[in-house]
Amino acid sequence: MTTRYNVQTTELKWQKIWEDKQSFRATEDAERQKYYVMSMFPYPSGRIHMGHVRNYTLGDVVARVKRMQGFNVLHPMGWDAFGLPAENAARERKVHPAQWTWDNIKTMRGELKRMGLALDWSREVATCDPSYYKHQQKLFQDFLKAGLVYRKESWVNWDPIDNTVLANEQVIDGKGWRSGALVEKRKLAQWFFKITEFADDLLSALATLDRWPEKVRLMQENWIGKSEGAKLRFALAAQPDQPPDQSIEIFTTRPDTLFGASFLALSPNHPLVAELAKKDGKLAAFVAECNRAGTSEVNIETAEKQGYDTGLKARHVFDKDWLLPVYVANFVLMDYGTGAIFGCPAHDQRDLDFVRKYKLPVKPVVLPEGEDPATFSVGDIAYTGPGKAFQSQFLDGLEVEAAKSKAIAEIKQRGLGEGVTQFRLRDWGVSRQRYWGCPIPVIHCESCGVVPVPEKDLPVKLPEDVTFEKPGNPLDHHPTWKHVACPQCGKPARRETDTFDTFVDSSWYYARYCSATNPDKPVDRKQADYWLPVDQYVGGVEHAILHLLYARFIARAMKTTGHLAVSEPFTGLFTQGMICHESYKDENGKWLYPEEIERKPDGSAVHVTTGGKVTIGRVEVMSKSKKNVVDPGKIINAYGADTARLFMLSDSPPERDLEWTESGIDGVWRFLGRLWRMVDDVVDNLPVLGAAKPSAWDEPSLKIRRATHRAIADVSAAFDRFHFNGAVAKTRELGNLLEEQGRSAFAVNGATAFALREGLETLAQLIAPMLPHIAEEMWERLGHADKMLIDTAWPKADPALLVDESVTVAVQVNGKLRATLSLPRNAPPKDIEAAALADPNVQRALNGASPKKVVVVPNKIVNVVA
RNA sequence: GCGGGCGUGGCGGAACUGGUAGACGCAACGGACUUAAAAUCCGUCGGGCGCAAGCCCAUGCCGGUUCAAUUCCGGCCGCCCGCACCA
């Protein structure tokens, strides 16, 4: 009797059973090998989106496969719950950030649970919870003690209307994204994490992360940006109104081109420039102009090289009578190197552009192979290739690399400077003038300076009674919160009102999961040492640099301070692609949601209510602004979690972008129906569980068994390599075969029926990581009321069934396929060759010619060369 | 500008270390069942020629290596991503 598969009831049924049995709760067990799989935790923005569904499905498949393979799996979930959107909501909707955030968490937790994820919810963390950020504050203080944190003045983007610091991304065309005010560069005292302390290690350890995408490692490598060069001092020629013995320190990676120098250039923010600007109004104006334009990315791209001649002259390091003009230039960055450079226009394009504008000399000092030193000159394109030094005194004749070394040796010997390694990576500024973040746990005292909040007073909790009417930081406006007594001297002092960058929160949550409920310390070493590192981390590639680099840094800092044993938090990383969808616009050019349009049979589209013409746009990444989004909640309500999950895994490889289509969802939905019928239609005719195995397998039963074991091998391999679309294809192949066999042959033969039962049970197991609910239901329908499918062991392929006695050998003549032969496995090459040549099609292709050569690859292919 | 990736049917994509190109799915078309529709099932499905056996062309383009190239090498063309005044 055929039953219908009821998605909603079945899915809720199994979710309840898993929850009641605490099936996915993880505990340390020294006897079992652990496997820690983690997906990037979501920001509680309101509802889950398709990106979350994909991310968590991928992680869940890994968790479930590993669990069935016998690993002790930890698969936790939490909330990256601090951040600006909560404060915006507070301003716009008059709802408290905490309220807004916790409400969202509640909604989204429900949505995630409806996905049927194999998560250990007992370890759930939320970064905005004082029980979480208390420990973050403790970590900060440990880092402070260890010298990994410091406070310094630094340049920030300041919005003078909102009275707040803006991140670079929030500055658009030099204006604040919210207020529209011209952004200023301001110097502000900020907290910094000394990430540069680990620059070398963060770089070299990338080589050990062999289960990370090459792309991410390269991006991190470029971000850290190690370069070898030299720092050296240029003495300033005495000026009437300058103190003597002044000098400018520059950084260069091309000390071999020092004899081609035309000028020195200082950053507009260089201390010496500030000094000069005091007496030079024009210079001050120039600096102000640079600072205004400097923040905009568009400006950087198009900005012309601009310089201001200070009138100062610097003496060339190797020739004190050779005077070089000193400019202030808009393209010199204060926070890289020393904030000052020497310009060698012949061998640096940017310097060349600058020099052409200010009419300075261009002297080539590297001679390309085959050029004549007497005639070689540089036009509009600087020469940056290899060659031999010339017009360079003691460097003459040396290749670039040798000349660099020689120049550095010379500089060092003369006491002018030394070779240095320079990193592009800068220390991590973590201060934010925001309310909804983790308070930085220090107190500023007039007499004692910066005093950490004593451990017994942690956490420093956010005050709840704050207002968001005034621009700026609500913590700073709060009437009482910041006024405290100094913990050291007891005098009135001021609490730090900055909060941490939210990237700090997400840089150690993987460690907190190990001891999620421990009230006393951030992590328990025993637990952390058991679980860490994370074996498989899954998330979006947009975090390839910042988040992953910060997490790697914090792990090192935690190791230094004794909290962890590992320095690399994630040994395996997988970055998934984005979800895309067609976009739609109405006649007025306004974006439309997919459900607002209706497709016509001819491919065009109209508005579903007005019937107006709709323009179908490109397929692009789902985004709220373009309204090309589909709500996962609606999909799960209509088709179930299994359908949504399988769609995420089918077709597109997980690292690539995925196009969401309605027809694709229908296809998956149909597959679920087929799976159910496959079992339900035949189950009553199958041999009972535990029936004796047939003594012999006939051809039809062997066919089923071979396919079953082939599928086990292929699907297992596909899962191992993250080829989830391949795993789907292989399970579908097995399904197709079982369906066909089940319809035709099962009733007539005991062996076939037995093989079919085996096949169906295996199929249920193979799809279980992807379709956990229907798999469990199939398993139960197959008679396993005693043991849940998730508690069974992952099937093993029988090697004997993976090899066929006969193989198909392709036969080519001159590289073109002419025939295929069915031959016994491992037939001797001679026999294969003979069979190939005997084939009528091969004979015809040869057309009487005798073969010059025959290449035989046993069990695969024969190529007859005529 | 620097770094990286990718180009395969109408579409998403498969092809492990070079060895039968197009698995699996979507769409489309034809058929069965039905009063009809839905659902389901069967079949066809890169292009061309042929009644057929079969033949020719085909993995962005041009060339190379090889018995054999989607795969390796060189040069173009196109698309995508990351970083970017980093000295």
Side-chain angles (χ1 to χ4, degrees), chain A residues 213-223 225 227 229 250-254 257 265 267 294 297 299-306 329-333 335-344 347-351 353-354 384 422-426 541-542 544-545 577 619 647 650-653 655-659 661-668 670-671 673-674 677 714 717-718 721 723 725-733 735-736 739 743 808-821 840-841 844-845 851-857 859-866:
Chain A
E214 184 65 25
K215 176 186 170 154
V216 173
R217 290 182 345 199
L218 271 164
M219 281 162 75
Q220 292 221 349
E221 195 178 312
N222 292 338
W223 188 263
S227 48
I250 64 103
F251 172 74
T252 179
T253 56
R254 293 297 303 271
T257 64
S267 162
E297 282 166 39
N299 284 359
I300 285 171
E301 210 170 320
T302 54
E304 236 182 288
K305 308 278 168 282
Q306 300 235 6
N330 63 346
F331 60 86
V332 182
L333 305 173
D335 40 16
Y336 183 77
T338 61
I341 60 160
F342 86 88
C344 173
H347 306 293
D348 182 293
Q349 190 59 44
R350 195 191 36 208
D351 293 347
D353 294 345
F354 185 80
T384 54
Q422 181 69 40
F423 290 93
R424 205 187 78 101
L425 183 69
R426 296 165 211 166
V541 73
E542 65 273 20
I545 297 177
V619 172
F647 180 83
S650 305
D651 295 346
S652 288
E655 68 278 10
R656 239 182 273 180
D657 286 353
L658 169 76
E659 188 193 344
T661 61
E662 203 57 37
S663 54
I665 269 289
D666 285 340
V668 172
R670 284 199 293 271
F671 180 58
R674 280 176 60 199
R677 268 176 268 122
D714 289 349
R721 292 185 298 151
H723 288 189
N725 54 328
V728 173
K730 297 295 181 185
T731 53
R732 290 186 95 126
E733 247 174 289
N736 289 347
E739 196 180 35
R743 236 194 309 274
T808 307
V809 174
V811 184
Q812 299 179 333
V813 176
N814 292 327
K816 284 190 179 168
L817 184 72
R818 293 301 175 198
T820 55
L821 304 171
N841 282 338
R844 185 147 28 97
K852 286 196 197 106
K853 184 178 170 187
V854 180
V855 181
V856 178
V857 182
N859 300 327
K860 274 219 172 117
I861 201 166
V862 178
N863 193 4
V864 181
V865 188

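Chain naming here is simple, since letters A, B, ... match the order of the sequence lines and numbering starts at 1 in each. Just so it is clear, the model here is predicted, and its values are computed rather than measured.
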remark   = Per-residue pairing states of RNA chain B in dot-bracket (Watson-Crick or G-U under 3.5 Å; . unpaired, | other strand) read (((((((..(((......[....))).(((((.......))))).((((....))))..(((((..]....))))))))))))....
ask   = Which nucleotide in the list B/A87, B/G82, B/C41 gets nearest to the side chain of A/Phe251?
value = B/A87
task = Check whether any side-chain N or O of A/Arg350 sits under 4.0 Å from OP1 or OP2 of B/C86, and answer yes or no.
result = yes
query = Between B/A87, B/G13, B/C24, which one does the side chain of A/Glu733 approach most closely?
reply = B/C24
ask   = Side-chain N or O of A/Asn841 less than 4.0 angstrom from OP1 or OP2 on B/G54?
value = yes
ask   = When all nucleic acid strands are considered with a 4.0 Å heavy-atom cut-off, which category describes A/Glu659: base, sugar-phosphate, or nothing?
value = nothing
key: B/A87 to B/G7 separation - C1' atoms, rounded to the nearest Å   = 37 Å
ask   = Separation of A/Ile861 atom CD1 from B/C67 atom C1', in whole Å?
value = 10 Å
inquiry  = Just to be sure I understand the rule, does A/Asn863 reach a base, reach only the sugar-phosphate, or reach nothing, if contact means heavy atoms closer than 4.0 Å?
reply    = base
message = Taking only the P atom of each, what is the distance from B/A53 to B/U65 in whole angstrom?
response = 37 Å
ask   = Checking all strands, does A/Leu333 fall into the base, sugar-phosphate, or nothing category for heavy-atom contacts under 4.0 angstrom?
value = base
task = Verify the contact: side-chain N or O of A/Asn736 to OP1 or OP2 of B/G25, cut-off strictly under 4.0 Å; return yes or no.
result = yes
ask   = Does A/Asp657 reach the main-chain N or O of A/Gly577 with its side chain, forming a donor-acceptor pair under 3.5 Å?
value = no
task = Round to a whole Å and report the spacing from CZ of A/Phe671 to C1' of B/A39.
result = 18 Å
Nearest-nucleotide 5' precedence on RNA chain B, A/Arg656 against A/Glu214 = A/Glu214
ask   = When every nucleotide of nucleotides 57-65 of chain B is labelled 5' to 3' by its protein contacts under 4.0 Å (heavy atoms), B for base, S for sugar-phosphate only, - for none, what sequence of letters results?
value = S--------
inquiry  = Check this one for me: any side-chain N or O of A/Asn725 less than 4.0 Å away from OP1 or OP2 of B/A14?
reply    = yes
request  = Between B/A27 and B/G9, how far apart are the C1' atoms? Round to whole Å, please.
outcome  = 12 Å
request  = Please state the P separation for the pair B/G12 and B/G63 - nearest whole angstrom.
outcome  = 28 Å
query = How far, in whole Å, is B/C76 from B/G4 if one measures between their P atoms?
reply = 16 Å
ask   = Side chains of A/Arg350 and A/Asp348: closer than 4.5 Å at any heavy-atom pair?
value = yes
ask   = When the P atoms of B/C73 and B/G5 are considered, how many whole Å apart are they?
value = 11 Å
message = What's the gap between B/A23 and B/G46 when it is taken at their C1' atoms, as a whole Å value?
response = 15 Å
message = Between B/A21 and B/C16, how far apart are the two C1' atoms, rounded to whole Å?
response = 15 Å
inquiry  = So, OP1 or OP2 of B/A39: does either fall under 4.0 Å of a side-chain N or O from A/Arg674?
reply    = no
request  = Round to a whole Å and report the spacing from CZ of A/Phe354 to P of B/A87.
outcome  = 18 Å
key: Protein-nucleotide distance (A/Gln349, atom CD; B/C85, atom C1'), rounded to Å   = 12 Å
key: A/Lys215 (side chain) and B/C81 (base): donor-acceptor pair under 3.5 Å   = no
inquiry  = Rounding to an integer number of Å, can you tell me how far A/Ile341 CD1 sits from B/C86 C1'?
reply    = 11 Å
With 3.5 Å as the limit, what N/O pairs link the protein to nucleotides 26-29 of chain B?
residue: B/C26; atom: OP1; partner: A/Arg670; partner atom: NH2; Å: 3.0
residue: B/C26; atom: O2'; partner: A/Ser663; partner atom: OG; Å: 3.1
residue: B/A27; atom: OP2; partner: A/Arg670; partner atom: NH2; Å: 3.2

query = Looking for any heavy atom pair under 4.0 Å, which part of the strands does A/Thr808 touch: base, sugar-phosphate only, or nothing?
reply = base
ask   = Once you round it to whole Å, what is the distance between C1' of B/G4 and CD of A/Glu655?
value = 15 Å
task = Could you state the atom-to-atom distance from CD of A/Gln812 to C1' of B/G18 in whole Å?
result = 11 Å
task = By nearest nucleotide on RNA chain B, pick out whichever of A/Gly815 and A/His723 is the more 5' one.
result = A/His723
message = Measure CG/A/Asp351 against C1'/B/G1 and give the value in whole Å, please.
response = 15 Å
query = Which part of the nucleic acid, if any, lies within reach of A/Arg818 when heavy atoms closer than 4.0 Å are counted: base, sugar-phosphate only, or nothing?
reply = sugar-phosphate
Sugar-phosphate, base or nothing in reach of A/Val857, heavy atoms under 4.0 Å = base
